[in-house]
Structures are given as C-alpha cells and as structure tokens.
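Written below as structure tokens is the structure these notes are about.
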Amino acid sequence: MDIIDISGKSCALVQAMLTSRRFFVSTFTINFWKATMTLLSDRLKNVKPSPTLAITAKAKALRAQGRDVIGLGSGEPDFDTPKHIKKAAIEALKEGFTKYTPVDGIPELKAAIIRKYHGECGLAYEPGQVVATVGGKQAFFNLALALVNPGDEVIIPAPYWVSYPDMTHIAEGKPVILPTQEKNGFKMTPEELEAAITPRTKLVVINSPSNPTGATYHREELEGIGQVLLRHPHVWAVTDDIYDKIVFDGLPFVNLVQAVPELQERTIILNGVSKSYSMTGWRIGFAVGPQPVIKAMTKIQSQSTSCATSFAQRGAATALSGSQKCIKPMLKAFHQRRTFVVKALNDMPGVSCLAPEGSFYAYPNIAGLIGTKADGQTIESSLDLAAYLLDHYDVAIVPGVAFGLDPYFRLSFATSMEDLEEAMTRIHRAAKRLLAGG
Ligand code: PLP
C-alpha cells in the first residue's frame, strides 16, 4: 500500500486513486484536498502535473536513497550540448548580451529559423511569421491560448505527448482523443480523422516523429490527411516537428505543409532545439505560421515570459545555422540503441514492439502480461506494471495510460547502452516471472 500526497492532483486522478486498492488516503488529506480544489481556479480541475517529469524525479529520488534505479522515463538526450553551441552562448554572456530581447526573439535566431524552413522544407516565411519561445512546450501553450475558445474541440491522436490534452484544458478547450491503432503504426488515418471532425473542431494535432511511439508520417500519409483538412476549412492544424532530425533508416522527414502546401495558411509548425541538439535545459522553441496567429502567440508571450533567455537564443541561432555535423553521432547512437531495444523487447515473453521510425522512444505492447501475477502484485494495467518494475526490478518506465493508449509503456532510449542492456535484462526477468506466476 502506498501513502501519497494528493494535493495538487486533478479530480479525476484522485477519484481513480480513491477507488484503487493500492492507495491509502486519510480523511484529513481528503478534506484538505477538497478545500484546495474550491480555492483554485476551475481551469485547473482537469489538469495533471506532467507524469513523465514526475517519474524522472521519482527515479532520481530513489537513486539518491541508494537504490540502483535505471531511469528509462526521461524525454531528453543523454549527450552534452555540442561545444560550438555552448561557446556561442558563453561569448554572448561575455559581451554582456544579458538583457530583455524582442518578445518574438532576436533577429539572428528568427533569420536562422526562416533559413532552416526554407533550406530543409522549401517553405517560405517572413520574420512576422516567426516567434521564438521558452521551449517547444511554450510554443504549444501560446498556440492553445491564442486559438482555442472555451468548448472548442482539439483533435489529439493517441498515444499523445502528455502535455497536449492538459494545455488544451488550460485553454478551456475540449481535447478529443482519437485512438490510433498499432496495426496502422500508431498513425491516424484519413478516415479516422474525417469521423472525428465536428463543427466545433478548431485544431488537429500532428506530432511526427511522435512522442511516445516514434511513429513518423510518410508524405503520402500526410497527403491523405491533408485532403481531409482541405474539405473542412474551419479546422486548423498544428504540426509538432520537434523530433524532425531524429529519423532512422534514411526516411526523409516531411511535415503536413510540405505534403499539402495549400494548408500553409492554416497550419502552425512547432519546433525547438531541445531534442535535436541536446539542449533541453536551454529552453528554446519556436513556431512559424500565419501572421495573425503568430502575432497573437507573441502577445501572450509578452504578458507571460516576455521573451526567451537572451544568451540561450544566441546558442540556438548557432545550433540552427552552424554545422549540422554534431547531430550525426547522436543519431548514430540512437539508431544503434533502437535496434538493440526493439530486438530485446520482442525477445521477451508477453511483450511485442514496433520499431520506431524516429524520436528516441519505443512503445511496447504488454497485452501478454495483463492478468499475470507475481510477488503479490497482479498486473491489470500499465500502471501496475510500472509500479512492479520499479518496486521489484529498479527500472523506471512511463505507463501507457499517461499517453492515452493502453496496455503499453514508453521507454526512452536516450540513455547509455550499458544502462539499456541492464534494464532489458531486468524487464525480461520480470516478464518471465510474471508469466510463471511468481
Ligand atoms: N513536443 C513534443 C512532442 C515533446 O516530446 C516535447 C518534450 O518532451 C516538447 C514538444 C517540448 O520540448 P521542450 O523541452 O523544448 O519544451
């Protein structure tokens, strides 16, 4: 039985915990939680703290207690930021580049973003169609607040990046979760999209390569989706390209606007330097799209963060316009680890895994472990498996329930080969034990 602090948890999560046999919640805590929930804004009632950040923090805390925990929960590359990028930021600091910048970003960074989209995707944008943000996360946040009215529907294919539904809730929109199928590579089909669109649909989210599955849309798949969107002119699209440089097996990266150029006037492209250049802590993202939307996103930023950090913007400009050679060794390592992890998962009893085409995540299917039992623990969901792996095998993974499609879990291979080998051995042993009944 676990004793946990439920302050700050959403209503739905606490109710789920109250009905679960695994949690003990005292009457005092419930009353405190009820009082807190009436104090805080209605807007927050459906919002959960990020489960991926929570699991990373839990793994770190257990390690600090001396447990040999291997964390496969984290969504950040394990490499250092390339030297030439760090040097650019250090130079900026040395020359006193430490003040507020224009809200939408320094001209040098905006020019680098424009060059990137022109050079890599053949897409033309003006400086007024570009905003630099505090990480890719703030780009989606600004967009949701800029576009979504209360009750507007936002179509989010599942499994999804954990923040899309919560940020939609903060904007008082209604997330419409569209479950994808493993047999379709976890990609939404044109027919599924068509069926999900209503007169209240405002926005469709496309994330390719995907967090958490690595699913990467091919040009013809995007053309099919684009044809549906062309038939529904009231629907906007956002394409989150943050993993655009992490694509395997020579597959070319293509986004919705490249596939269907007519959609450029109602598509916003989000991106950032966090993943491709191993710069998660720098907090630099960006968005390009139609000027009125970018202007609205910039207005929101002017009243929230003011601007992204000055010297980090210099580093990001160097990342985008400097030599791209630094990406190669990281991509090579991700590719090797992906090959290893997918084979290891498919060798496990009760587990199967599609090979991700991009990003640094795998999303194994654990249907074969549901209903098994060992060490007094029955596995009824990915949540149970995550708890079992952490409690008995010191491996931290993120349960699929956090990404809206179960029974799966997300494993990040942005960690050393040595840790991955040990983690795969432990999970294999756990799966065998569960299937043997303990
Ligand atoms: N979009 C996706 C799909 C992500 O996985 C992430 C980070 O995990 C982000 C956006 C946000 O990245 P950043 O760290 O730049 O805020």
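Whatever order the structure lists ligands and atoms in, that order sets their numbers, starting from 1. These numbers were taken from a predicted model, which means no experiment stands behind them.
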> Does NZ or CZ of Arg338 fall inside the cone over Phe360's six-membered ring, less than 6.0 Å from its centre and within 45° of the axis?
Replying inline: no
> Which class fits the ring pair Tyr388 and His392: parallel under 30°, tilted 30 to 60°, perpendicular over 60°?
Replying inline: tilted
> Which pair of non-hydrogen atoms, one from Ala144 and one from Met167, has the smallest distance, and what is that distance?
Replying inline: CB-O, 4.1 Å
> Do the ring planes of Tyr408 and Tyr363 sit parallel (below 30°), tilted (30 to 60°) or perpendicular (above 60°)?
Replying inline: parallel
> Can you find an N/O atom of Tyr361 closer than 3.5 Å to an N/O atom of ligand 1?
Replying inline: no
>> In the structure I gave you, are the side-chain heavy atoms of Arg283 and Ser274 within less than 4.5 Å of one another anywhere?
In response: yes
>> If you take the nearest heavy atom of each of Lys137, Lys275, Gln138, which one is closest to atom 7 (C) of ligand 1?
In response: Lys275
>> Starting from atom 12 (O) of ligand 1, what is the nearest protein heavy atom, named by residue and atom, and what distance separates them?
In response: Ile242 CD1, 3.5 Å
> Less than 3.5 Å between some nitrogen or oxygen of Arg283 and one of ligand 1, yes or no?
Replying inline: yes
>> Do Ser163 and Phe141 have side chains that approach each other closer than 4.5 Å (heavy atoms only, starting at C-beta)?
In response: no
> Heavy-atom distance to atom 2 (C) of ligand 1: which of Asn211, Asp240, Val273, Asn207 wins?
Replying inline: Asp240
> Under 4.0 Å from ligand 1, counting heavy atoms only, is it the side chain of Glu76, its backbone, both or neither?
Replying inline: neither
>> Looking at ligand 1, would Ser274 count as a contact under a 4.0 Å heavy-atom criterion?
In response: yes
> Are Arg426 and Asp68 ion-paired here, with the side-chain N under 4.0 Å from a carboxylate O?
Replying inline: yes
> Relative to the heavy atoms of Gly135, which atoms of ligand 1 are at a distance of less than 4.0 Å?
Replying inline: 15 (O), 16 (O)
>> Residue-level breakdown please: for Tyr164 versus ligand 1, do any non-hydrogen atoms fall below 4.0 Å on the side chain, on the backbone, on both, or on neither?
In response: side chain
> Just how far is it from atom CD1 of Ile177 to atom CG of Leu405, taken to the nearest 0.5 Å?
Replying inline: 10.5 Å
> Using heavy atoms and a threshold below 4.0 Å, how should the contact between Phe140 and ligand 1 be classified: side chain, backbone, both, or neither?
Replying inline: neither
> Among Gly75, Gly281, Gly136, which one has a heavy atom closest to atom 13 (P) of ligand 1?
Replying inline: Gly136
